[in-house]
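One structure below.
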Amino acid sequence: MNYKDTVFLPRTDFPMRAGLPKKEPEILQNWQQVDLYRRLRETRQGAPKFILHDGPPYANGQLHIGHALNKILKDVINRSQSMLGKDANYVPGWDCHGLPIEWKIEEQYRKKGKDKDAVPTAEFRQECRDFAAHWLVVQSTEFQRLGVLGDWQSPYTTMAYEAEAKIAEELGKILMDGSLYRGAKPVMWSPVEKTALAEAEIEYEDHTSVTIYARFPVQSSALQALHNASIVIWTTTPWTMPGNRAIAYGDDIAYRIIEVTAVKDDVLVRKGDVLCLADDLCDVVADALGITAMTARATVAGHELAGTIAAHPMAADGYDFEVPLLAGSHVTTEQGTGFVHIAPGHGVEDYELAHLKHGIAVPETVGEDGYILPHLPLYGGMHALRDNARIADMMAQHGGVIGIGKLVHSYPHSWRSKAPVIYRNTAQWFVSMESHGLRDTALGELAKTAFYPAAGQKRLTSMIAQRPDWCLSRQRAWGVPLTIFVNKETGQPLRDPAVHARIVEAMRTEGADCWFLPNASRFLGSDYSADDYEQVTDILDVWFDSGSTHAFVLEDRPDLDSPADLYLEGSDQHRGWFHSSLLQSWATRGRAPYKGVLTHGFVLDEHGRKMSKSLGNVVTPQAVMEQNGADILRLWVVSSDYYNDLRIGPEIIKRMTDTYRRFRNTLRYLLGALDGYDQAEQVGYDDMPDLEKWVLHRIATLDDRICRMTESYDFHGIFTELHQFCNSDLSAFYFEIRKDMLYCDLPGSTGRRACRTVMQELFNRLTAWLAPIICFTAEEAWQAYVGDPENSVHLRQYDAVPANWRNDDIDANWSLIRQVRQVVMSALEKARNDGAIGASLQAAPQVYVTAAMQSAFDGQDAATLFITSAATIVTDPPPADAFRLDTVADVAVGFAVATGGKCARCWKVMPEVTADDGICKRCDDVVATLA
RNA sequence: AGGCGCGUAGCUCAGUUGGUUAGAGCGCACGACUGAUAAUCGUGAGGUCGGCAGUUCAAAUCUGCCCGUGCCUACCA
């Protein structure tokens, strides 16, 4: 007789093979059909809010793997907070203004042969707007495909009229309170594009510069040795000489004053010249200048140079001003002469030392086209980048230069035009870090913010502590304008709240474009004359846009709240969004816009290298979704230590699919085992076997851990716990042991019902625990059970755990049992290798243990736990040849083959079975009852 | 070049205040089962804890230097 029909094998329609690339879009469609997002909002109405404020990605291209990591992590957090019962409303957003989009539009113009300057601003801005709108839709679709749940119907954008108006309004606040000021600053300037460039627009390439050694005759000094001497500087930028206003020396550097006694032919330096140079560099410089012999007049320490005044090399030709020697901490003796010429209009350090520290005025010497301003003697009309050789010759003729050379070095270039750029001093708008205590408040408040990982706090703190004033103005077109009128006479910005309110109101209905129309009097009203004011046409740094999102998103949307619980971005945003949002919020509200900050690392290839087209190691989220599915990508995120850099590549993806299968098969087995399960089968806790109680205990401890790890955003920990639980506790242990009961016992038996009660709990818990991570598969499995699309797994919460499930006595007992079991497994393996048995059911081990261990087995059927047909647990001294494991003390196993015949139904070897197709007593009873 | 990180088995990760023989899961190898079957179970082999030096009775853990790698900043006369 064939007993297979009398055995209750697992049965389910939930397929073993996932086919995620095909299945996920279907599940997505179901979610859209039942409007899961809206439904979840309704379900969580009135619940405590959890606000993860989305840092806006830039709307200008296809998503890369970094976007995927970022959005998946956000989604896992939101879904898991929702599982904790919170109302985690996620509103995605986009950063739409800014340079990269302008580039793209300009690029299109160039292809069509169009001139950007000939296009009206409004038209140009509209094209930028359309461009951003296009990519926004593309990215939105891809984010949703990743399973990210949020308000995709009404996301926020920085280019919405409301947002633009609000950003201008925010600017108004710092304009009114006086922390916004107009200053001059040396910025990277591209003479080709006639514009200032942001740091991101700069790339460094080799460039050949003309170098000069210039002499600055000492006018007055406390040092007698400097009488008649010249200070010698070396520079790679001769064109900055008209802007020279000081010389920097190093306090701790030793200098030597030498007199030239012999020179080579055809050199600029003369016998008898008295020069001052860094001691260490004398020989090198002498060599470069062609000096063949010299005598040392004196050696002085750097600090002795304080107070020395020199003359400009061209003093006789219109540059007749004092050039003081100043101590500069940045001066080194790695190259040059140990003296650095300071042109405050052409270098950040120069500006800081001369202007900020010593109050030296900043001259304007170079025009926006790169030509030295015509009114400047000798240099006027020469080009900063092209005429350096001419400048050097000219200066040499006048005796100001005593050495000319060339240097190939890396030099900033415009990313767009590939042309070299210069530092140029221009008028810009700044937010002061000090005038209103911004820096100090910021640093003080920073200590109250929670950082994940903690190191982020230190990083952000040191950045805020060191940063200069925030330069808000950009000479650009696509962005929110600095809505400022400057009084032509006083140079002061107009600070009239009524005027500014009119501007903001106009922007709210017409967008920021209204600022660029020629209608200043509309805003100025009757109190001011448009003729008296200059309208600023600069636009705001886009970091101010995104730094203001907390205002126009968190505060302005009734379904959100400020400050946010969490900001979450890549670690590069310490310098970016975290930074600008903090400053913006502190400047306008005096507090941080977030309670917590989480940073993740960057995605690298399998070998820890940066992804690049040339290395051919780029992994795109699109490819992974098409080949493996979004759930694999989601699993990858939580399997990684995302606080550090993450790696991805073919092997890692392969490993992830292996891991995925384990989760999927666990769910599948549970679904199969629960075939036809009815709540009426349920067995109360007290009536359950110890093994079931042990599983419930594991659920209780796991639940506790998962809830705690959810709150600290430790999903890698959750992933590890869940994976090992499915592997070691369920598949290899609990499921394996309970197969016999599940397949062969009577459906109505207490044991089998208890087992299914527990499996039902397991299924409920696992689908909920996994839902934030593999959101598609959790839904698929859940639907395989409930069959009701409106009852989505994502509307659920983690089920509460009854207090009595926690049972440390049972836990201790079963950890002893599992130790013994491990030795038995090894002993059986040895017997198997010896050819004594195949299946473990052929064995009947005798296990020698301590009394404590034996009592752990009280009330247990040891054979069931070992999956053998019989087993005895004794405290007798074991025979010498008994099997032992080094790692487990006090356990020995004597091997024996089970006696009797193999039951044709349950496959156990039992003494009562004698016939070939006979069955054991238990099965006999079951079959009889079933019939 | 500077600041901040990271470097533990083929892969992903644990390693508490320095303290037995460095752990887990996957993968791999071998075996079993053929009633979770493109599954499942068992056993096993894999590591000079990036390298070198130091502190210590004792270092994956502390210190210094070096190498590799990433982010940020700078390319500086």
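The sequence lines fix the lettering, A, B, ..., with proteins before strands; numbering per chain opens at 1. None of these values were measured; they are calculated from a predicted model. All values below come from the heavy atoms of this structure, side chains included, with hydrogens, waters and symmetry mates left out.
- Only the C1' atoms considered, B/C72 is 47 Å distant from B/G44, to the nearest whole Å.
- Separation of the P atoms belonging to B/G46 and B/A24 is 14 Å when rounded to the nearest angstrom.
- Residues A/Asn617 and A/Arg609 bring no donor and acceptor atom of their side chains to less than 3.5 Å of each other.
- Atom name C1', nucleotides B/G15 and B/U61: the rounded distance is 9 Å, in whole Å.
- In this structure, A/Ala732 and A/Arg905 both approach RNA chain B, and ranking their closest nucleotides by distance from the 5' end singles out A/Arg905.
- A heavy-atom distance below 4.5 Å is found between the side chains of A/Asn628 and A/Val624.
- Nearest to the side chain of A/His723, among B/G42, B/A77, B/C26, sits B/C26.
- Among the atoms of the strands shown, base atoms are found under 4.0 Å from some heavy atom of A/Asn665.
- Judged by closest nucleotide on RNA chain B, A/Val7 is the one of A/Leu604 and A/Val7 placed further toward the 5' end.
- Pairing of B/G68, defined by two Watson-Crick or G-U wobble distances under 3.5 Å, is identified with B/C6.
- The 12-atom threshold is not exceeded at CG of A/Asp13, counting heavy atoms of other residues, nucleotides or ligands nearer than 6.0 Å.
- Counting non-hydrogen atoms under 4.0 angstrom, A/Ser731 reaches a base of the nucleic acid.
- Among the atoms of the strands shown, only primed sugar atoms or phosphate atoms (P, OP1, OP2) are found under 4.0 Å from some heavy atom of A/Gly608.
- With B/U40, B/A77, B/G35 as the candidates, the nucleotide lying closest to the side chain of A/Glu736 is B/U40.
- Regarding the sugar-base torsion, B/G46 falls in the syn class, its angle being within 90° of 0.
- Base pairing annotation: B/G23 forms a Watson-Crick or G-U wobble pair with B/C13, both donor-acceptor distances under 3.5 Å.
- In this structure, A/Asn833 atom CG and B/A32 atom P are separated by 8 Å, rounded to whole Å.
- Going from atom CZ of A/Phe866 over to atom P of B/G42 covers 14 Å, rounded to whole Å.
- Atom P of nucleotide B/C33 and atom CG of A/Leu828 are separated by 13 Å, given to the nearest angstrom.
- The gap from the P atom of B/C62 to that of B/U43 amounts to 35 Å, rounded to the nearest Å.
- The minimum heavy-atom distance linking A/Ala288 with A/Tyr213 is given by the pair CB-OH, 3.8 Å.
- Residue contacts for A/Phe602: at a heavy-atom cut-off of 4.0 Å it reaches the sugar-phosphate backbone alone, with no base atom in range.
- Counting any heavy atom pair closer than 4.0 Å across all strands shown, A/Tyr423 reaches sugar-phosphate atoms only and no base atom.
- Without hydrogens or angle criteria, A/His358 side chain to A/Ile360 main chain gives no donor-acceptor distance under 3.5 Å.
- Closest approach to the A/Ser571 side chain among B/C71, B/C72, B/A36 is made by B/C71 (side chain taken as heavy atoms from C-beta onward).
- Using modelled atom types, one side-chain atom of A/Arg634 and one backbone atom of A/Ile773 make a donor-acceptor pair closer than 3.5 Å.
- When the P atom is compared between B/G27 and B/G64, the two are found 41 Å apart, to the nearest whole Å.
- Rounded to whole Å, atom P of B/C71 lies 17 Å from atom CD of A/Glu569.
- Atoms CE (A/Met16) and C1' (B/U40) sit 9 Å apart, rounded to a whole Å.
- Nucleotide B/A38 has no partner under the Watson-Crick or G-U criteria, as no pair reaches both atom distances under 3.5 Å.
- Looking at every heavy atom in both residues, A/Leu604 comes nearest to A/Met611 through O-CE, 3.7 Å.
- Dense packing is recorded around CZ of A/Arg467, with more than 12 heavy atoms of other residues, nucleotides or ligands lying under 6.0 Å away.
- The aromatic rings of A/Phe719 and A/His723 sit parallel to each other, their planes meeting at less than 30°, with 60° as the upper class boundary.
- Rounding to whole angstrom units, CG of residue A/Leu730 and P of B/A39 are separated by 19 Å.
- A cation-pi geometry, defined here as NZ or CZ lying under 6.0 Å from the six-membered ring centre and within 45° of its normal, holds between A/Arg818 and A/Phe733.
- Atom name C1', nucleotides B/A45 and B/G35: the rounded distance is 32 Å, in whole Å.
- Pair check for B/U43 finds B/A29; Watson-Crick or G-U wobble, both atom distances under 3.5 Å.
- A sub-4.0 Å separation between OP1 or OP2 of B/G42 and a side-chain N or O of A/Ser826 is absent.
- The phosphate of B/A36 (OP1 or OP2) has no side-chain N or O of A/Arg664 nearer than 4.0 angstrom.
- Comparing B/A60 with B/C41, their C1' atoms are spaced 34 Å from each other, to the whole Å.
- Between A/Lys610 and B/G70, a side-chain N or O to OP1/OP2 separation shorter than 4.0 Å is absent.
- Within the 4.0 Å cut-off from OP1 or OP2 of B/C41, at least one side-chain nitrogen or oxygen of A/Arg662 is found.
- Residue A/Arg668 has a polar side-chain atom (N or O) positioned under 4.0 Å from OP1 or OP2 of B/U37.
- Using a 4.0 Å heavy-atom cutoff across all strands shown, A/Leu9 reaches at least one base atom of the nucleic acid.
- Pair assignment for B/A74: none, as no Watson-Crick or G-U wobble contacts are both less than 3.5 Å.
- Between A/Lys739 and B/G35 there is no side-chain polar atom (N or O) within less than 4.0 angstrom of OP1 or OP2.
- Side-chain atoms of A/Tyr734 and A/Arg738 include no donor-acceptor pair closer than 3.5 Å.
- Using a 4.0 Å heavy-atom criterion, one finds that A/Arg821 contacts no nucleic acid atom at all.
- Shown here, B/C62 forms a base pair with B/G54; the pair counts as Watson-Crick or G-U wobble because both key distances fall under 3.5 Å.
- Remark: ring of A/Trp907 overlaps the six-membered base ring of B/G35 in a stacked fashion, centroids less than 5.5 Å apart, planes less than 30° apart.
- As a whole-Å value, the separation of A/Met825 CE from B/G42 C1' is 8 Å.
- Note on A/Met656: nothing from the nucleic acid sits closer than 4.0 angstrom, heavy atoms only.
- With hydrogens and angles disregarded, a donor-acceptor distance shorter than 3.5 Å links the side chain of A/Thr12 to the backbone of A/Phe14.
- Atom CD1 in A/Ile867 sits about 10 Å away from atom P in B/C41, given to the nearest Å.
- Using a 4.0 Å cut-off, some side-chain N or O of A/Tyr743 falls inside it from OP1 or OP2 of B/A36.
- Backbone-only engagement by A/Gly838 is indicated by non-hydrogen atom pairs under 4.0 Å involving sugar-phosphate atoms exclusively.
- Closest to the side chain of A/Met188, out of B/C72, B/A38, B/C75, is B/C75.
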Sugar-phosphate or base contact per nucleotide [nucleotides 3-15 of chain B; S, B, -; heavy atom under 4.0 Å]: -SSS---BSSS--
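- Comparing B/G50 with B/U16, their P atoms sit 14 Å apart, to the nearest whole Å.
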